[in-house]
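Along the sequence shown, residues carry numbers from 1. Every heavy atom of this structure was used, including side-chain atoms; hydrogens, water molecules and symmetry mates were not. One-based numbering, in listed order, for ligands and for the atoms of each.
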Amino acid sequence: MLFRSLAARGVVAAAAALLALATPVAAQDLDLRAQVAAFVQPTNAARTDVVVAQLRAAGFEPTVETFTGGNRQTGEVEGRNVVVTLGDGPREILLTAHYDAVTLRDGTMSHGVVDNAASVVGVIEAAKVLRGRTLNHRIRIILFDQEELGLIGARKWIEAHGLTNVAAVVNSDVAGYGDTMMYGQNNGPQSAFVTRAVQAVCSERALQCVGFPEYPPSDDRAFSAAGAPVVSLGFQDEVGAHQMWLAFNGGQSNGLAQGFVPQVFRLIHSSEDTMEHVDPATVALAGATYAAVVERLDAQLAGVD
Ligand SMILES: [Zn+2]
């Protein structure tokens with residue numbers, strides 16, 4: 001991404017290539033990149049196997065919860081949510097991301113890496129941090145299926161488990177590149193304390209964050225519709241995040257050129273959602289930030305912050 005914008009400003013590609021050679025690539029970056037790339041599969045069922053394998057490789061014992069899903073267009077399709085539980089406690093904090101990808105008009109699958117394999121790998125990174133912590137809540141990591149068919153995996157999970165013991169939900173959708181975290185503020189008054197936790201983490205970490213009064217829907221909406229406190233998080237480059245803010249919140253006089261579509265919406269749900277747009281540094285940043293948000297919520301809800 002950085003190189004693309006430099007190129008647009010007229011910096012020769014050769015200089016960028018030289019810089020890339022001179023910059024050491026951390027082993028963790030290679031791993032995270034390979035992990036995201038592994039999700040490029042011909043079917044969502046194959047993506048389920050990737051989630052399960054990556055969780056096992058990280059030392060977790062995931063369970064697969066099957067459900068009957070699908071929508072009017074697809075007919076009945078069996079779905080599979082993948083779940084890992086950490087720690088114990090009477091109440092739970094959920095950390096969630098969908099792993100399924102959309103089927104494109106030509107019948108092939110989107111690579112679904114920005115949307116949303118990068119988030120899934122980020123959430124697994126967060127889970128690795130959180131398992132080492134002593135927390136007041138049980139943490140449930142849920143990788144949802146069939147978000148792209150209409151938040152079906154999330155709805156089915158809520159149907160099966162209820163929300164009685166759910167204290168808060170943190171969802172990630174679109175976290176493939178950029179250093180700016182976006183968060184939705186349109187999940188009802190019950191979610192205000194979750195927003196506060198997010199803002200505290202942004203402040204503590206001097207992380208650039210952009211709050212969206214209107215934010216595009218993801219699995220968070222299944223939870224807020226059922227009354228749960230929830231936030232949806234994502235990452236993007238700073239300019240893109242602000243363009244997206246304007247597109248959703250700027251109204252008629254948002255100042256964007258006529259017909260302008262923020263880059264992220266040209267990528268996702270298309271054949272352009274490819275590894276070229278995934279930056280492992282963002283995946284690592286997302287993982288560390290999500291773990292911090294969950295920890296913050298845990299402390300806040302226990303009345304110890
Ligand atoms: Zn998504």
Subject >> More than 12 heavy atoms of other groups within 6.0 Å of His111 NE2 >> reply: no
Subject >> Of the N, O or S atoms in His98, the one nearest the Zn ion (ligand 1) >> reply: NE2
**OP:** Using a cut-off of strictly less than 2.8 Å, determine whether Asp173 has an N/O/S atom near the Zn ion (ligand 1).
**Re:** yes
Original post:
Is any side-chain N of the basic residue among Arg56 and Glu61 closer than 4.0 Å to the acidic one's carboxylate O?
Top reply: no
**OP:** Indicate if the distance from the Zn ion (ligand 1) to the nearest N, O or S atom of Glu147 falls below 2.8 Å.
**Re:** no
Original post:
Less than 4.0 Å between a side-chain N and a carboxylate O, is that true for Asp145 and Arg80?
Top reply: no
Original post:
So which N/O/S atom does Asp115 have closest to the Zn ion (ligand 1)?
Top reply: OD1
Original post:
Between Phe67 and Phe144, does the ring centroid distance fall short of 6.0 Å?
Top reply: no
